Amino acid sequence: MEVTEGRLLLINKPLNWTSFDVVNKLRYKLKTKKIGHAGTLDPLATGLLIICTGKMTKQIDGYQAKEKEYTGHFVIGQTTPSHDLETEVSQPTDVSSVTDEQLISEAKKFIGEIQQIPPLHSAIKVDGKRAYKLARQGSDLELKPRTVTVSTFEIISIQKPIVTFRIVCSKGTYIRSLARDFGNAVGTGAYLGSLCRTRIGDFLLSDAKILDQIEPV
């Protein structure tokens with residue numbers, strides 16, 4: 001499909017790249033001004049990013065609304081202000097008393113429609129400013145809870161303090177917030193150690209390409 005008509009590209013976002021970095025790289029490579037992504041991935045997350053160019057950018061809202069699937073791991077017994085490795089990790093606490101059954105049981109309690117407070121270190125706008133910028137400035141802001149749906153919260157493996165998971169959820173769900181809330185429920189605290197988006201609707205990470213594989217048409 002010609003760039004002027006529009007393309008839908010499935011990209012495997014590399015670690016430490018922002019979603020905006022990917023868009024900028026492809027804007028230059030494809031020589032197009034009309035380009036955007038359908039759903040932000042944090043810099044420390046990898047995986048499926050849908051990029052639309054040309055007339056396909058009109059479909060972005062529809063793609064953003066689709067169900068998402070993620071895999072990754074939590075680290076229990078430690079916390080960070082950003083709930084991931086972007087900020088400093090606290091000293092570890094003893095998690096030896098936490099049982100596998102307890103971890104699996106607590107995960108199940110998050111399945112369904114839940115109220116979730118987004119992380120302070122997020123791209124949500126507060127009075128026209130990104131929350132993460134205000135958080136870095138030390139602002140004492142409070143974000144309002146939002147309703148999200150978690151259809152699957154599966155514990156894949158447990159090697160304490162590492163808890164590996166698979167999560168299927170609705171648009172607007174923050175896995176970092178799930179890490180925080182899951183850690184609080186277990187009683188040890190937790191942060192998100194790694195995250196990979198494996199699916200958006202019917203689009204799969206296995207069908208995505210790395211940036212170097214994308215060529216102009």
Side-chain angles (χ1 to χ4, degrees), residues 7-23 25-26 35-53 56 59-76 82-86 103-104 106-114 116 118-119 121-123 146 148-159 161-183 190-214:
R7 296 170 71 180
L8 183 147
L9 303 169
L10 304 182
I11 302 297
N12 187 349
K13 188 191 82 67
L15 186 66
N16 295 323
W17 283 56
T18 67
S19 301
F20 190 65
D21 289 338
V22 174
V23 169
K25 173 79 172 179
L26 290 173
I35 184 170
H37 66 78
T40 302
L41 273 178
D42 290 334
L44 293 179
T46 61
L48 183 59
L49 188 67
I50 293 178
I51 301 290
C52 296
T53 71
M56 289 300 294
Q59 307 298 320
I60 282 178
D61 287 348
Y63 295 134
Q64 283 181 330
K66 291 183 179 296
E67 182 180 74
K68 315 293 193 305
E69 181 182 71
Y70 299 90
T71 59
H73 76 266
F74 300 141
V75 180
I76 62 172
S82 60
H83 316 309
D84 65 4
L85 285 168
E86 181 187 338
L103 293 167
I104 293 168
E106 291 299 337
K108 290 178 180 177
K109 294 177 183 178
F110 289 92
I111 296 174
E113 195 174 88
I114 62 172
Q116 183 186 75
H121 291 254
S122 66
R146 53 171 64 183
V148 298
T149 301
V150 178
S151 13
T152 301
F153 189 162
E154 177 187 1
I155 302 299
I156 296 173
S157 68
I158 300 168
Q159 293 180 306
I162 305 297
V163 179
T164 305
F165 63 81
R166 183 178 73 91
I167 290 171
V168 179
C169 57
S170 65
K171 169 190 174 182
T173 305
Y174 280 91
I175 308 302
R176 284 184 289 141
S177 289
L178 276 178
R180 173 199 63 206
D181 297 341
F182 177 72
Y191 69 87
L192 181 61
S194 69
L195 185 68
C196 179
R197 186 157 65 195
T198 54
R199 179 172 64 83
I200 301 174
D202 295 328
F203 299 103
L204 302 177
L205 175 60
S206 56
D207 295 324
K209 296 181 178 180
I210 61 173
L211 284 168
D212 289 345
Q213 293 175 317
I214 304 298

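Both backbone and side-chain heavy atoms feed into the values below; hydrogens, waters and symmetry mates do not. Owing to the predicted nature of the structure, the values given are computational and were not obtained by experimental measurement.
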Novice: So, for Ser177 and Pro119, which heavy atoms are closest and what is the spacing to 0.1 Å?
Specialist: OG-CD, 3.2 Å
Novice: For Ser19 and Val22, run side-chain contact (heavy atoms from CB on, under 4.5 Å): C-alpha distance rounded to whole Å, both residues' side-chain angles, the deciding distance at 0.1 Å, then the answer.
Specialist: CA-CA 5 Å; Ser19 301; Val22 174; 5.7 Å; no
Novice: Within a strict 4.5 Å, meaning less than it, do heavy atoms of the Ile162 and Val75 side chains meet?
Specialist: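 Contact flag for Ile162/Val75 side chains = yes.
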Novice: Do Phe74 and Leu192 come close enough that some side-chain heavy atom pair is under 4.5 Å?
Specialist: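 SC-SC contact between Phe74 and Leu192 confirmed.
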Novice: Is any side-chain heavy atom of Ile114 less than 4.5 Å from a side-chain heavy atom of Val148?
Specialist: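 They are in side-chain contact.
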Novice: Rounded to the nearest 0.5 Å, how far does CZ of Phe165 lie from NE2 of His73?
Specialist: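 The NE2 atom of His73 sits 8.5 Å away from the CZ atom of Phe165.
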Novice: Quick one: CG on Leu41 to CG on Asn12, what's the gap to the nearest 0.5 Å?
Specialist: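 Result: 9.5 Å between the selected atoms.
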Novice: Can you measure from OG1 (Thr18) to NZ (Lys13) and round to the nearest 0.5 angstrom?
Specialist: 7.5 Å
Novice: Quick check: closest heavy atoms across Pro118 and Arg180, and the distance to 0.1 Å?
Specialist: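 Between these two residues, the closest heavy atoms are O-NH1, 4.0 Å.
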Novice: Report the relative orientation of the aromatic rings in Phe153 and Phe110; use parallel for angles under 30°, tilted for 30 to 60°, perpendicular for over 60°.
Specialist: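 Tilted.
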Novice: Between atom CD1 of Ile35 and atom CG of Leu26, what is the distance when rounded to the nearest 0.5 Å?
Specialist: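 One gets 5.0 Å once the value is rounded to the nearest 0.5 Å.
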Novice: Could you go through the side-chain contact (heavy atoms from CB on, under 4.5 Å) check for Phe20 and Thr40 one step at a time?
Specialist: CA-CA 8 Å; Phe20 190 65; Thr40 302; over 6 Å; no
Novice: Ignoring hydrogens, what is the shortest heavy-atom contact between Tyr174 and Gln116? Give both atom names and the distance.
Specialist: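 In this case the closest contact between Tyr174 and Gln116 is N-OE1, 2.9 Å.
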Novice: Which label fits Phe203 and Tyr63: parallel for a plane angle under 30°, tilted from 30 to 60°, or perpendicular past 60°?
Specialist: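 The rings of Phe203 and Tyr63 stand perpendicular, inter-plane angle above 60°.
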Novice: Would a 4.5 Å heavy-atom cut-off, applied to side chains only, mark Lys66 and Arg199 as touching?
Specialist: no
Novice: Under the criterion side-chain contact (heavy atoms from CB on, under 4.5 Å), I'd like the reasoning laid out for Ile11 against Leu48: C-alpha separation, chi angles, the key distance, then a yes or no.
Specialist: CA-CA 6 Å; Ile11 302 297; Leu48 183 59; over 6 Å; no
Novice: Taking atom CG of Leu15 and atom CG of Leu44, what is their separation to the nearest 0.5 Å?
Specialist: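 That separation rounds to 6.0 Å.
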Novice: Return the minimal non-hydrogen interatomic distance between Lys171 and Ala65, and the atom names on each side.
Specialist: CD-CA, 4.0 Å
Novice: How many angstroms lie between atom CZ of Arg166 and atom CD1 of Ile155, to the nearest 0.5 angstrom?
Specialist: 11.5 Å
Novice: Any side-chain heavy atom of Pro14 within less than 4.5 Å of one from Asp21?
Specialist: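 The answer is no, as the side chains (C-beta and beyond) never meet within the 4.5 Å cut-off.
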Novice: If we only count heavy atoms from C-beta on, is the Arg197 to Leu205 side-chain gap below 4.5 Å?
Specialist: no
Novice: I'd like to check Ile158 versus Thr164 (side-chain heavy atoms, cut-off strictly below 4.5 Å). Are they in contact?
Specialist: no
Novice: Looking at Ser170 and Thr173, what are the two nearest heavy atoms and their distance?
Specialist: O-OG1, 2.9 Å
Novice: State, with a plain yes or no, whether a side-chain heavy atom of Trp17 is found less than 4.5 Å away from one of Lys25.
Specialist: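 Yes - at least one pair of side-chain heavy atoms lies under 4.5 Å apart.
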Novice: So for atom CD, which belongs to Gln159, do other residues, nucleotides or ligands contribute more than 12 heavy atoms lying within a distance under 6.0 Å?
Specialist: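 At most 12 heavy atoms, drawn from other residues, nucleotides or ligands, come within 6.0 Å of this atom.
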